[in-house]
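I have placed the structure first, in the form of C-alpha cells, so that the comments after it can refer back to it.
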Protein chains: 2
Amino acid sequence: MKEGPDIARVAALLGDPARANMLTALMSGRALTATELAQEAGVTPQTASSHLAKLEAGQIVKPRKEGRHRYFTLSGPDIVEALEVLMGIANRVGHNRVRTGPKDPELRKARVCYDHLAGDMGVALFDGLAKRKLIESDVNGVALTPAGIDFANGFGIDLDGLRAKRRPLCRECLDWSARQSHLAGSFGAALLDRFYDLGWARRVPESRIVRFSDAGEQSFRDLINP
Amino acid sequence: MKEGPDIARVAALLGDPARANMLTALMSGRALTATELAQEAGVTPQTASSHLAKLEAGQIVKPRKEGRHRYFTLSGPDIVEALEVLMGIANRVGHNRVRTGPKDPELRKARVCYDHLAGDMGVALFDGLAKRKLIESDVNGVALTPAGIDFANGFGIDLDGLRAKRRPLCRECLDWSARQSHLAGSFGAALLDRFYDLGWARRVPESRIVRFSDAGEQSFRDLINP
DNA sequence: TTCATAGTTCGATGCTAATCGAAGCATTGA
DNA sequence: TCAATGCTTCGATTAGCATCGAACTATGAA
C-alpha cells in the first residue's frame with residue numbers, strides 16, 4: 001500500500017473545470033457567494049452547490065455565513081500557491097483555454113493576484129523598485145532598503161501598521177503570464193491599494209483585471225522609471 | 001468565457017490515484033520504466049501505458065527510449081513544486097493515506113525525495129539547521145539567515161549559482177514517514193550533493209535509500225548538533 | 001402572513017474515463 | 001529463425017460523477 005499524503009484527492013478537487021473556475025475567481029481575494037461562484041463557473045446553482053460542498057469537505061474553501069448568503073474564501077495561502085504553480089505549468093505546456101477572449105491582453109497587462117498587482121505591470125513594478133534600489137532581493141527573499149522605507153512613508157503607506165500584522169512585508173510571487181517575479185506580501189498589497197486611492201487604477205468588476213487610467217499609467221511609469 | 005491558463009486540465013492529470021502514484025515515484029529523481037511505474041501505481045501494464053500516454057500528451061512527464069525500455073522522468077522542476085505544494089495541502093487538511101510509513105527501516109531513516117534528503121535524517125537536518133539559526137521559518141516558508149548564508153558559503157555551496165535558477169532556494173517539504181518538515185529546494189539539493197561529495201553518504205542503487213557511512217553520520221551529527 | 005431570494009437536496013440522465021483481458025508490435029538474445 | 005520481454009492498441013465493461021429540473025428549507029422584506 002502506498003504511504004504519504006493523498007495528493008490525488010486534492011488534485012482531483014482542483015481538476016474539474018467548474019471548480020477550477022470557482023477557485024480562480026476566489027484568487028481575487030474577495031469572498032464570493034455561492035450564486036456568484038455559480039456564475040463564474042458557468043453552471044447552475046444546484047451544480048455549484050454540489051461542487052462547493054466537495055470543496056468544503058476537502059477543506060479547499062472556507063464558508064462564512066452572513067444573513068442568507070454564504071460567502072466562500074480559499075482556505076489558506078497554500079491553495080493560492082498551488083493554483084499559481086498549476087497556472088505556471090499550464091502556461092508552460094500551452095494548456096491555455098482555447099477561447100482567449102478579448103479580456104486576455106488586458107489580463108496579461110495588469111491583474112490582481114489575490115491582493116497585489118500581477119501581470120506585465122506587476123513585473124515592471126518589481127523590477128522598477130529594484131532598479132531604484134527601494135527593494136532588495138537577497139537569498140532570504142525580498143526586503144525594503146532604507147531608501148525604500150523612506151519611499152513607502154512618503155507614498156502614504158503605513159509601514160508600522162503593516163508590520164504589526166503577522167504577514168510578511170515583502171514576498172516574491174511568480175507570475176504565470178510573464179514568468180517573472182512580482183511583488184507580493186503586505187507591502188505589495190498596500191502599494192496596489194494606494195494606486196486605487198490615488199485614482200491611478202481601478203478594478204474592472206467581475207474580473208481580475210486592473211485597469212489604469214492614462215494619467216495613472218503615466219504616473220506609474222514615472223514611479224518605476226524616474 | 002474564461003480566460004487564462006487551463007489549470008483544470010493539469011490538475012486533472014495529477015488527480016488520478018494511479019497517475020499520482022507514478023508521479024510520486026518519479027519524485028525520487030530517477031528515470032523509471034513503464035513497467036516499474038505500473039508496479040508503483042499498482043495497476044496492470046496496459047492501464048499504466050494509457051496513463052503514461054496521457055501524462056506525456058500533457059507534458060507532465062518526458063519519455064526517453066533506450067533499447068526496448070521507455071524511461072520516464074518529470075518534465076520539469078515546476079512539476080516537483082506542484083507535487084510538493086499539493087502534498088503540503090493534503091497533509092494540512094488531513095488527507096493522508098498513511099497507516100504505516102515506509103516499511104524498510106533504512107528507507108525511513110534516510111532516503112532521497114527527488115533530489116534532497118528525507119526521512120528521519122532529513123527532518124533532523126531541518127531541525128538542526130533551525131536550532132543553529134541558519135534557517136528561519138515563517139508563515140510563508142523557510143529562508144536562510146545571514147548566518148546561514150555564511151555557513152553555506154563555508155560549506156562549499158555556490159549560493160549565487162543556485163539563486164540564478166528559477167527554483168526556490170529553500171522550501172519545506174513534508175515528510176510522510178516522519179510527519180515533519182525537511183528541507184527541499186535548490187539549497188536542500190545542494191546540501192545533499194555536498195554530503196555525497198564529502199563521502200558522507202551514497203545512494204543505494206535501485207532504491208531511494210541514502211546510506212551514510214559511520215564517519216559520515218558522525219560528521220552529519222556534528223553538523224546539526226555542534 | 002405572504003412573497004422573493006439564496007441555497008440545498010433529491011433523483012434521473014448521460015458522459016467520461018479507468019480498468020483489464022487479449023492480441024499485436026518491437027526489440028533483444030539465443 | 002525462434003522465443004522472451006517490454007510495451008502498446010483494441011474492445012468491452014464498469015463505475016463514478018458532473019449536470020440540471022424539480023422540489024424543499026431558510027432568511028429577509030413588505
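Values below: every heavy atom of this structure, side chains too, minus hydrogens, waters and symmetry copies. What you see is a predicted model; the values in this text were computed from it and never measured. Labels below follow one simple rule: chain letters A, B, ... track the order of the sequence lines, proteins then strands, and each chain is numbered from 1.
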Selected nucleotide, minimal atom distance to A:K54 side chain, candidates C:dT19, D:dT8, D:dA18: D:dA18
From C:dT9, C:dC20, D:dT8, nucleotide with atom closest to B:A34 side chain: D:dT8
Over 12 non-hydrogen atoms of neighbours within 6.0 angstrom of CG in B:D197: yes
Identified side-chain contact (heavy atoms from CB on, under 4.5 Å) counterpart of A:I7 within the set B:N21, B:T24, B:V85, B:N91: B:T24
Side chain of B:P45 - closest among D:dT8, C:dT8, D:dA18: D:dT8
Min side-chain heavy-atom separation A:L32-A:R70 under 4.5 Å: no
Residue whose nearest DNA chain D nucleotide is more 5′ - A:E66 or A:S50: A:S50
Closest listed nucleotide, where the reference is the side chain of B:R19 and the choices are D:dT19, C:dT9, C:dA18: C:dA18
Short side-chain N/O contact from A:T47 to OP1 or OP2 of D:dC20, under 4.0 Å: yes
Side-chain N or O of A:H69 closer than 4.0 Å to phosphate OP1/OP2 of C:dT5: no
Length of the CG-P vector between A:L52 and D:dA18, whole Å: 12 Å
Give me, pair by pair, the N or O atoms of the protein and of nucleotides 21-26 of chain C that are less than 3.5 Å apart, along with how far apart they are.
| unit_1 | atom_1 | unit_2 | atom_2 | d |
| --- | --- | --- | --- | --- |
| C:dG21 | N7 | B:Q46 | NE2 | 2.6 |

Length of the line joining A:Q39:CD and C:dA6:P, which is rounded to integer Å: 10 Å
Between C1' of C:dT19 and NE2 of B:H51, the distance in whole Å: 8 Å
pair B:L26-B:T73: side-chain heavy atoms closer than 4.5 Å: no
Residues that A:F212 engages under ring pair (Phe, Tyr, Trp, His ring centres under 6.0 Å), provided they are two or more places apart: A:F220
Sugar-phosphate only, base, or nothing, as touched by B:A48 at under 4.0 Å among non-hydrogen atoms: nothing
Between B:S213 and B:R202: side-chain donor-acceptor atoms closer than 3.5 Å: no
Nearest to side-chain heavy atoms of B:S49, which nucleotide of D:dT8, D:dC20, C:dT19: D:dT8
Derivation of the salt bridge (charged side-chain N to carboxylate O under 4.0 Å, His left out) call for B:E217 and B:R211: CA-CA 9 Å; B:E217 183 161 351; B:R211 188 173 291 151; over 6 Å; no
